[in-house]
Number of protein chains: 2
Amino acid sequence: MDKDCAGVDPVSILDIARRAKVSPATVSRVFNRPEKVSGATREQVRAICRELGYRPNASASTLRTQRSRVLGVILPTLTNPVFAECLQGIAQATAALGYSIMPATTDYRVEIEQEAVTTLQSFGVDGTILVVSDAETSIALQMLAQRQRPYVLVYNRHPDHPTVSVAGDTALRDLVHELVQLGHRRIAMVCGQLDASDRAQQRLAGFMQGMHKAGLTPQPLVQVPFVETAIEDVARVLRAPSRPTALVCSNDLIAIRALRAAHECGLRVPADLSITGFDGIRLGHDLTPILSTVVQPNQDMGRHSVELLLRALREGRQPTTSESITLPYHFFRGESCAQAPF
Amino acid sequence: MDKDCAGVDPVSILDIARRAKVSPATVSRVFNRPEKVSGATREQVRAICRELGYRPNASASTLRTQRSRVLGVILPTLTNPVFAECLQGIAQATAALGYSIMPATTDYRVEIEQEAVTTLQSFGVDGTILVVSDAETSIALQMLAQRQRPYVLVYNRHPDHPTVSVAGDTALRDLVHELVQLGHRRIAMVCGQLDASDRAQQRLAGFMQGMHKAGLTPQPLVQVPFVETAIEDVARVLRAPSRPTALVCSNDLIAIRALRAAHECGLRVPADLSITGFDGIRLGHDLTPILSTVVQPNQDMGRHSVELLLRALREGRQPTTSESITLPYHFFRGESCAQAPF
DNA sequence: CTGAAAGCGCTAACAC
DNA sequence: GTGTTAGCGCTTTCAG
């Protein structure tokens with residue numbers, strides 16, 4: 001046997017056709033409509049493909065069929081485990097269904113969201129999964145909608161778009177209730193750059209509702225725009241005379257830094273101070289104290305968005321707002337949150 | 001003006017050519033060799049492209065030029081922040097250089113590594129960045145090498161392949177030395193599934209060297225194959241009569257769980273027990289105690305691998321082993337590691 | 001500096 | 001069940 005293994009040069013459908021003494025169309029059918037090919041030739045073609053290590057050229061088939069079997073993914077950053085976990089879910093779900101992904105990170109910058117949309121578009125992605133800074137104002141989103149390109153938002157919640165998300169506002173409303181039950185009165189919300197995340201805004205809104213319902217005046221909002229200074233920013237608040245007894249953080253990463261700030265201020269968590277997060281990143285469960293947080297099924301959110309998008313694609317349509325999924329969350333009590341101190 | 005914004009239907013180079021009263025070749029040149037087009041027509045064509053929201057079809061150009069401007073990326077999982085951070089670096093570097101990425105996660109399974117290579121190949125990626133379970137035996141790697149497809153390994157270290165990595169063995173050798181200086185004698189290594197990671201094996205080797213050099217007998221290796229039982233597995237060791245005074249963990253995720261195990265056993269870190277990790281994930285710095293760990297520049301490792309690969313690509317060749325980069329690490333003392341107890 | 005034309009690899013009518 | 005053929009959108013000689 002001259003060569004029993006795949007070589008260096010690219011093999012085309014024509015090479016296979018020639019070797020198998022069939023037409024290229026037949027080879028193509030073996031891959032796309034195997035049932036339309038007689039068992040004998042099918043197996044023979046397959047054997048040759050295997051021998052030559054042939055795989056159809058995706059660009060050619062995309063060009064021809066106008067379907068790429070690729071999904072675009074636009075995320076703020078992979079540095080936050082929420083999105084990394086979600087992307088992991090997306091990667092698994094797509095791979096299982098024969099799709100590939102093309103992700104882009106925006107670092108929360110809207111111009112980059114737009115750029116990402118256009119490059120992904122130029123690759124002919126069949127659909128796009130994205131989390132934008134603000135669904136209400138996102139140009140990237142408008143571009144997709146206007147050009148009628150299938151897409152789903154993840155994490156973002158908005159009535160005018162198909163989304164896969166969790167009710168962050170309700171979650172925080174309920175969370176405040178729990179804290180109040182635990183005797184907390186001086187409760188402060190801590191969040192990052194509000195204008196870079198409509199999720200944070202919604203969570204804040206829920207927080208305010210909860211406080212209002214409980215007849216409490218929220219402590220001044222603690223904003224920690226930069227990770228570099230986050231711990232210090234929180235520490236400052238904790239050193240103030242009538243410091244809060246509970247810190248409700250808009251995400252787990254911030255909560256972990258708040259934990260650190262408490263430590264630096266000599267406060268014990270949860271004895272002196274309760275701290276809660278939001279997101280349910282895997283790592284939170286292994287911390288000491290175990291992070292109290294609103295757990296979202298991050299990987300599943302990714303999986304669901306893939307399924308929602310591909311279902312629509314299969315039916316030759318775009319996802320609709322009526323298909324939007326609100327996934328359940330649950331407040332995980334953990335160890336960083338307890339009875340208020342006296 | 002009938003339409004001042006991009007429409008729904010795909011615009012091709014022919015549409016632009018027609019509107020601009022030039023040939024498609026000229027439009028193509030405007031994008032690929034703008035200097036070969038007169039200033040006037042160039043600007044006119046650009047204006048029309050902007051007006052119609054035209055972007056060249058990437059599949060068509062890939063098919064024609066045999067260059068995709070896409071890099072494949074193969075990683076074990078995005079659930080471990082090391083790889084997520086690295087991918088973030090890759091995403092940034094590629095985007096800055098006009099490339100896109102197509103990642104796949106393998107969950108440490110070699111069959112999936114292979115599948116990933118073939119699908120990426122079918123998309124005509126210009127090169128591949130990967131971290132494999134074991135560079136020595138990886139079939140995926142052999143496939144790339146044999147077919148002469150450009151690739152770089154990240155994290156893996158192997159003399160026969162171009163790599164971007166850190167000297168994990170040396171790092172652990174030195175780390176053991178530090179621990180010994182701090183008075184530790186009963187030191188145990190904790191690692192995950194050794195056969196799923198040649199990095200862990202190399203780190204273990206370095207650990208053994210270090211122990212040997214110090215004339216110490218290593219405590220029995222603690223293996224924590226599954227995350228679900230990791231804390232318990234470590235706790236068991238910590239409850240043994242002559243427990244170790246220091247735990248050297250093969251990565252940060254394991255170290256964090258070891259921290260938890262110590263807590264569950266009523267041991268104070270670092271007073272009663274020192275714990276070190278490896279990787280330098282961002283979060284480790286914000287923990288309490290701050291994780292002592294061997295810090296690798298994860299995002300930079302991603303960036304370097306992109307640059308190494310693209311440099312070779314630009315020069316029309318494959319990366320060579322002589323271009324392999326060993327990046328510096330540093331042991332970050334943190335707070336989880338201190339003098340041995342008496 | 002610009003245009004004409006061929007063809008990258010594949011698929012989907014449409015014949016047979 | 002199988003083959004023939006046209007063409008997806010683009011780039012790139014080669015002429016002019």
Side-chain angles (χ1 to χ4, degrees), chain A residues 9-46 48-49 52-70 98 118-126 316, chain B residues 9-46 48-49 52-70 98 118-126 316:
Chain A
D9 21 56
V11 185
S12 95
I13 202 171
L14 292 172
D15 301 309
I16 304 297
R18 229 171 345 250
R19 287 269 299 235
K21 297 191 192 308
V22 296
S23 76
T26 299
V27 180
S28 175
R29 284 190 198 101
V30 169
F31 283 93
N32 302 305
R33 277 148 168 61
E35 73 282 3
K36 316 223 96 189
V37 179
S38 83
T41 45
R42 195 197 313 144
E43 286 319 314
Q44 206 225 345
V45 168
R46 284 200 178 133
I48 295 181
C49 290
L52 265 39
Y54 169 76
R55 293 261 306 196
N57 178 316
S59 301
S61 111
T62 296
L63 183 57
R64 180 60 236 246
T65 61
Q66 310 287 15
R67 292 182 67 247
S68 60
R69 294 186 162 277
V70 176
T118 58
T119 29
L120 291 176
Q121 236 41 48
S122 80
F123 278 100
V125 295
D126 291 344
Chain B
D9 20 55
V11 185
S12 96
I13 201 171
L14 292 173
D15 302 309
I16 304 298
R18 228 173 343 253
R19 287 269 301 233
K21 298 188 191 311
V22 295
S23 75
T26 299
V27 180
S28 174
R29 284 189 198 102
V30 168
F31 283 93
N32 303 304
R33 278 149 168 61
E35 73 282 2
K36 315 224 96 188
V37 179
S38 82
T41 45
R42 195 197 312 142
E43 286 318 313
Q44 206 225 344
V45 168
R46 283 201 179 130
I48 295 181
C49 290
L52 265 40
Y54 169 77
R55 293 264 304 199
N57 178 316
S59 301
S61 104
T62 296
L63 182 57
R64 180 62 236 247
T65 61
Q66 311 287 15
R67 291 182 67 246
S68 60
R69 293 185 162 277
V70 176
T118 58
T119 35
L120 290 176
Q121 236 40 49
S122 79
F123 279 100
V125 295
D126 291 343

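Residue numbers start from 1 in every chain, and the chains themselves are labelled A, B, ... in the order their sequence lines are given, proteins ahead of strands.
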Is any side-chain nitrogen or oxygen of [X] closer than 4.0 Å to OP1 or OP2 of [N]?
| X | N | answer |
| --- | --- | --- |
| B/S38 | C/dT2 | yes |
| A/Q66 | C/dT11 | no |
| A/S28 | C/dT11 | yes |
| B/S23 | C/dG3 | yes |
| A/N32 | C/dT11 | yes |
| A/T26 | D/dG3 | yes |

I need the [X] [atom1] to [Y] [atom2] distance, nearest 0.5 Å.
| X | Y | atom1 | atom2 | result |
| --- | --- | --- | --- | --- |
| B/Q44 | B/S38 | CD | OG | 9.5 Å |
| B/S59 | A/Q66 | OG | CD | 8.5 Å |
| A/Q121 | A/T118 | CD | OG1 | 8.5 Å |

If I take atom [atom1] in residue [X] and atom [atom2] in nucleotide [N], what distance separates them, rounded to the nearest angstrom?
| X | N | atom1 | atom2 | value |
| --- | --- | --- | --- | --- |
| B/L14 | D/dG7 | CG | C1' | 12 Å |
| A/R64 | C/dA12 | CZ | C1' | 5 Å |
| B/I16 | D/dC10 | CD1 | C1' | 13 Å |
| B/L52 | D/dG9 | CG | P | 14 Å |
| A/F123 | D/dC8 | CZ | P | 21 Å |
| A/I13 | C/dC8 | CD1 | P | 14 Å |
| A/E43 | D/dG1 | CD | C1' | 16 Å |
| B/R67 | D/dT11 | CZ | C1' | 12 Å |

Side chain of [X] - closest among [options]:
| X | options | value |
| --- | --- | --- |
| B/T65 | D/dT11, C/dG9, D/dT2 | D/dT11 |
| A/N57 | C/dT11, D/dT2, C/dG9 | C/dG9 |
| B/T41 | C/dG9, C/dT2, D/dT4 | C/dT2 |

**OP:** Kindly determine whether B/S61 and B/F31 satisfy side-chain contact (heavy atoms from CB on, under 4.5 Å), including the steps that lead there.
**Re:** CA-CA 11 Å; B/S61 104; B/F31 283 93; over 6 Å; no
Original post:
Would you say the side-chain atoms of A/S28 pair up with the backbone N or O of A/P24, donor to acceptor, closer than 3.5 Å?
Top reply: no
Original post:
Is the backbone of B/V37 close enough, under 3.5 Å, to the side chain of B/R42 for a donor and an acceptor to pair up by distance?
Top reply: yes
Subject >> Heavy-atom donor-acceptor pair, A/R42 side-chain to D/dG1 base, under 3.5 Å >> reply: no
Original post:
Is a donor-acceptor pair below 3.5 Å formed from side chain A/R29 to base D/dG3, judging by atom type as modelled?
Top reply: yes
**OP:** Just call it for B/Y54: base, sugar-phosphate, or nothing, with non-hydrogen atoms closer than 4.0 Å on any strand.
**Re:** sugar-phosphate
Original post:
Looking for any heavy atom pair under 4.0 Å, which part of the strands does B/V22 touch: base, sugar-phosphate only, or nothing?
Top reply: sugar-phosphate
**OP:** Specify the residue among A/P24 and B/K21 whose closest nucleotide of DNA chain C lies further upstream toward the 5′ end.
**Re:** B/K21
